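Scroll down for the structure; my scribbles are underneath it.
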Amino acid sequence: MKKRKLLFLLPLFFLLAACGSSDGGEESAGDEMPKIHLIRNDFTDVRPKSEDLWMWQEYEKKSGIKVEWEEVKEFGEKKNLILSGDLPDAFYQTGWSNDEIVKYGKQGLFIPLEDLIAEHAPNLQKILDENPVVKKTLTAPDGHIYSLPYMSLDPMSGGRTVRLYINQNWLDELSLDVPRTTEELRDVLSAFVNSGDGREGYYMPSGWLAGGFEKIIMASYGLGTGGRQAMGNMLFVDDQEELQLTINHERMREVWMYLQELYEEGLVSSQSFAGVDDDKWRADAAQDKVGLFQWVDPDFIGPFGPETYTPINVIEGPYGDKTLYTEPPVSGTASFIVTKDAPDPGLLLEWVDFFYSPEGQIFAYLGEEGVTYEVDEDGNMVYVDEILNYHNGPQLGAFQWVDNVYGGFFPYAELDQEIRDIAFGKEPVVYDDVKEEYMPEYLLPNFMATEEEAAELSTLSTDISTFVEQSRVKFVTGEWNFDSNWDDYIEQLDRIGAQRLLEIRREQFQRFLAD
């Protein structure tokens with residue numbers, strides 16, 4: 001199919017924009033447009049300014065609203081200073097924690113949005129009506145919604161699901177099947193490590209074991225019932241539908257015992273806790289030394305990833321548990337926040353609501369047919385050649401034109417992963433181990449805390465997490481013995497405040513479950 005050349009469209013667009021400006025005393029059409037002032041993170045190191053980005057220039061025509069973009073480098077370091085002065089109308093794609101959202105909402109710096117959504121944002125309201133968990137995730141303890149979500153309703157999309165990737169070439173060489181249980185995984189890793197010099201079993205940069213591999217094994221041992229974010233908060237839901245801590249549970253002991261056995265047998269890299277940075281890992285991966293790693297897609301390890309590694313979404317544990325390590329539909333709760341200084345909040349909601357519609361999803365990710373994508377003979381939307389062949393890769397190629405392909409946390413509902421894969425010319429992945437019954441029973445978000453809870457949790461969570469991290473290393477490496485040190489570990493957790501942490505989390509859980 002003949003593809004339109006973007007290189008010819010850019011000069012034409014700027015020429016038309018220049019012709020539309022006025023000289024003399026008359027106001028241009030742009031000056032007559034209603035204006036909104038948005039602050040966002042700065043991405044100009046890898047793409048044009050927002051005011052020059054094709055997507056935003058086109059959306060100005062569609063919406064009849066002109067955006068005055070203020071792009072801020074290192075926003076996280078400057079946000080307190082920004083709050084002390086004149087505020088923008090809204091914050092777009094900026095990082096605010098749930099605690100900050102509640103705090104500044106209560107102070108009146110961020111305004112409630114639920115009534116504005118009902119009146120001015122029908123697309124988002126439809127999502128909230130059809131997916132109550134989304135509304136619950138956004139609702140602060142005072143009952144207000146102060147921010148809009150970045151979300152995906154497809155569990156395979158938007159980086160929601162972390163999975164294992166196993167070296168298929170090594171499996172083929174050794175005539176082994178993809179492992180489906182924790183015992184089979186141990187046997188395969190053993191075969192890998194013993195099959196050649198320098199081959200590693202599970203191997204990632206130091207520090208990554210706890211963030212992925214451990215969590216996937218925890219799901220195999222029944223500790224993944226609250227979903228990925230709950231596990232990150234040291235929580236799961238037990239058989240009695242009661243919230244529990246993972247870190248002091250007997251099943252956690254078994255998980256660490258399993259990891260310790262892998263470590264002792266050399267099936268988990270001896271440098272899992274120190275000594276391997278990202279560059280070294282990628283260099284070793286390029287030399288075919290990695291048997292197993294985890295991430296949301298195989299490209300993370302390098303361009304050879306999709307051809308070399310087979311995904312494993314679920315590993316069955318000794319008690320029959322098979323659970324995806326996946327997170328709730330809302331992965332960002334601070335994507336669009338309207339401030340007290342906005343003169344027309346309804347206009348802001350009307351402007352942003354487009355991106356929660358099917359049409360807006362396509363426009364924000366793919367652009368427009370005949371400009372940034374074409375429709376092939378099978379009806380699939382595929383980026384044009386100039387994007388697919390961009391010298392820094394197709395994702396950054398698309399980022400020269402549209403906004404929602406890089407960086408994340410924009411106010412938007414992600415397209416399904418299949419559509420996104422096809423857009424980049426990829427064959428969509430078909431997983432043979434993803435089923436509805438493997439979804440966590442609960443997909444708990446990062447709970448919204450009251451100011452009082454937030455103040456107490458800040459110290460509790462930090463102190464407990466630090467102790468757990470130190471203890472994990474000692475148990476897995478064999479410095480501590482499970483028979484003689486586990487009870488001491490549990491007692492120290494209680495001294496630090498584990499029971500109080502659970503008490504607070506259970507109160508938040510009950511608020512979340514309430515209508």
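What you see is a predicted model, and the numbers here were worked out from it, not measured in a lab.
More than 12 heavy-atom neighbours from other residues, nucleotides or ligands sit within 6.0 angstrom of NZ on Lys78. By the neighbour-count criterion of 12 heavy atoms within 6.0 Å, atom CZ of Phe304 is densely surrounded, having more than that number from other residues, nucleotides or ligands. The neighbour count for Glu437 CD, taken as heavy atoms of other residues, nucleotides or ligands under 6.0 Å away, is above 12. Surrounding CD of Gln107 are more than 12 heavy atoms belonging to other residues, nucleotides or ligands, all under 6.0 Å away. Around CD of Glu418, the count of heavy atoms belonging to other residues, nucleotides or ligands within 6.0 Å does not exceed 12.
Of the inter-residue distances, the one linking Thr323 atom OG1 with Glu316 atom CD reads 10.0 Å to the nearest 0.5 angstrom. Interatomic distance, Leu349 CG to Leu148 CG, rounded to the nearest 0.5 Å: 6.0 Å. Taken to the nearest 0.5 Å, the CG atom of Leu176 stands 6.0 Å off from the CG atom of Leu171. Note that the CG atom of Asn313 and the CG atom of Asp433 stand 4.5 Å from one another [nearest 0.5 Å]. The distance from atom OG1 of Thr308 to atom CD1 of Ile166, rounded to the nearest 0.5 Å, is 13.0 Å. Atom-to-atom distance recorded for Met381:CE and Tyr365:OH is 11.0 Å, nearest 0.5 angstrom.
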Please output the side-chain donor-acceptor pairs of residues 206-217 that fall under 3.5 Å, not counting sequence neighbours, one pair per line with the distance.
from, atom 1, to, atom 2, distance (Å)
Ser206, OG, Gln271, O, 2.6
Ser206, OG, Ala274, N, 3.3
Ser206, OG, Ala274, O, 3.4
Ser206, OG, Gly275, N, 3.3
Ser206, OG, Val276, N, 3.0
Ser206, OG, Val276, O, 3.4
Glu214, OE1, Arg472, NH2, 3.2
Glu214, OE2, Trp256, NE1, 2.7
Glu214, OE2, Arg472, NE, 2.6
Lys215, NZ, Ala210, O, 2.6

Atom pairs and distances, side-chain donor-acceptor, residues 420-429, under 3.5 Å, sequence neighbours left out:
from, atom 1, to, atom 2, distance (Å)
Arg420, NH1, Ser157, OG, 2.9
Arg420, NH1, Gln417, OE1, 2.9
Asp421, OD1, Gln417, NE2, 2.9

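The minimum heavy-atom distance between Ala364 and Val402, with the atom names listed, is O-CB, 3.4 Å. Of all the heavy atoms in Gly224 and Met231, the pair that sits closest is CA-SD, 3.7 Å. The minimum heavy-atom distance between Ile101 and Ser147, with the atom names listed, is CD1-OG, 3.6 Å. The two residues Pro149 and Leu138 come nearest to each other via the heavy atoms CD-CD1, 3.7 Å. Contact detail for Leu443 and Val133: the closest heavy-atom pair is O-CG2, 4.2 Å. The two residues Asn41 and Thr94 make their nearest non-hydrogen contact at ND2-CA, 3.7 Å.
Residue pairs meeting the salt bridge (Lys or Arg N to Asp or Glu O under 4.0 Å) criterion with at least one member in residues 36-49, sequence neighbours excluded: Arg40-Asp403, Asp42-Lys73, Arg47-Glu71, Arg47-Asp403. The salt bridge (Lys or Arg N to Asp or Glu O under 4.0 Å) contacts involving residues 105-114 comprise Lys106-Glu451, where partners must be two or more places apart or lie in separate chains. Applying the ring pair (Phe, Tyr, Trp, His ring centres under 6.0 Å) test to every pair with at least one member in residues 149-170, sequence neighbours left out, gives these pairs: Tyr150-Phe409, Tyr150-Phe410, Tyr165-Phe293, Trp170-Phe192. Applying the salt bridge (Lys or Arg N to Asp or Glu O under 4.0 Å) test to every pair with at least one member in residues 327-349, sequence neighbours left out, gives these pairs: Arg228-Glu327. Pairs of residues two or more places apart, or lying in two chains, never qualify as salt bridge (Lys or Arg N to Asp or Glu O under 4.0 Å) while including a residue from residues 153-164.
For Tyr309 and Trp295, the ring centers are positioned 6.0 Å apart or more. The ring of Tyr373 has its center no closer than 6.0 angstrom to the ring center of Tyr383.
Between the Lys136 side chain and the Phe512 main chain, a donor and an acceptor come within less than 3.5 Å of each other. A distance-only check finds a donor-acceptor pair linking the side chain of Gln361 to the backbone of Glu414 [under 3.5 Å]. No donor-acceptor pair closer than 3.5 Å links the side chain of Asp416 to the backbone N or O of Ile419. Counting only distance, with no hydrogens or angles, the side chain of Asp353 and the backbone of Asn123 share a donor-acceptor pair below 3.5 Å. With Lys289 contributing its side chain and Trp281 its backbone, the two residues share no donor-acceptor pair below 3.5 Å. Judged by distance alone, the side chain of Asp277 and the main-chain N or O of Lys280 form a donor-acceptor pair under 3.5 Å. Remark: the backbone N or O of Pro440 is not paired with any side-chain donor or acceptor of Thr225 at under 3.5 angstrom. Side-chain atoms of Asn389 come within 3.5 Å of backbone atoms of Asp385 as a donor-acceptor pair (strictly under, hydrogens ignored). The backbone N or O of Pro88 sits less than 3.5 Å from a side-chain atom of Thr339, completing a donor-acceptor pair. Using a distance-only test at 3.5 Å, with no hydrogens or angles considered, no donor-acceptor pair links the side chain of Ser461 to the main chain of Ser458.
With hydrogens and angles left out, the side-chain atoms of His37 and Glu68 include no donor and acceptor closer than 3.5 Å. A donor atom on one side chain and an acceptor atom on the other are found under 3.5 Å apart for Asn167 and Asp288. A donor and an acceptor atom, one from each side chain of Tyr203 and Asp284, are located under 3.5 Å apart.
Under a 4.0 Å N-O distance rule, the pair Glu100/Lys103 does not qualify as a salt bridge. Here Glu173 pairs with Arg199 in a salt bridge; the nearest charged N to carboxylate O distance falls below 4.0 Å.
Take Asn233 and apply the side chain to side chain donor-acceptor pair (under 3.5 Å) test, not counting sequence neighbours, and it matches Asn446. In terms of the side-chain contact (heavy atoms from CB on, under 4.5 Å) criterion, residue partners of Pro411 (sequence neighbours excluded) are, by chain and number, Tyr92, Ser335, Phe336, Val352, Tyr356. Every residue two or more places apart in sequence or in another chain that forms a side-chain contact (heavy atoms from CB on, under 4.5 Å) with Asn392 is listed here: Tyr390, Leu396. A search for side-chain contact (heavy atoms from CB on, under 4.5 Å) contacts involving Pro48 returns Asp52, Leu53, Gln400, not counting sequence neighbours. Tyr59 pairs by the side-chain contact (heavy atoms from CB on, under 4.5 Å) definition with Trp56, Lys62, Ser63, Trp351, Phe354, Phe355, Phe363, not counting sequence neighbours.
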Ring pair (Phe, Tyr, Trp, His ring centres under 6.0 Å) between Phe399 and Phe43, intermediate numbers included: CA-CA 10 Å; Phe399 201 43; Phe43 289 100; 5.6 Å; yes
Candidate pair Phe447 and Gln229, rule side-chain contact (heavy atoms from CB on, under 4.5 Å), full reasoning: CA-CA 10 Å; Phe447 295 127; Gln229 289 187 12; over 6 Å; no
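The closest side-chain heavy-atom distance from Leu38 to Leu348 is below 4.5 Å. Side-chain contact check for His144 versus Thr139: every heavy-atom pair is 4.5 Å or farther apart.
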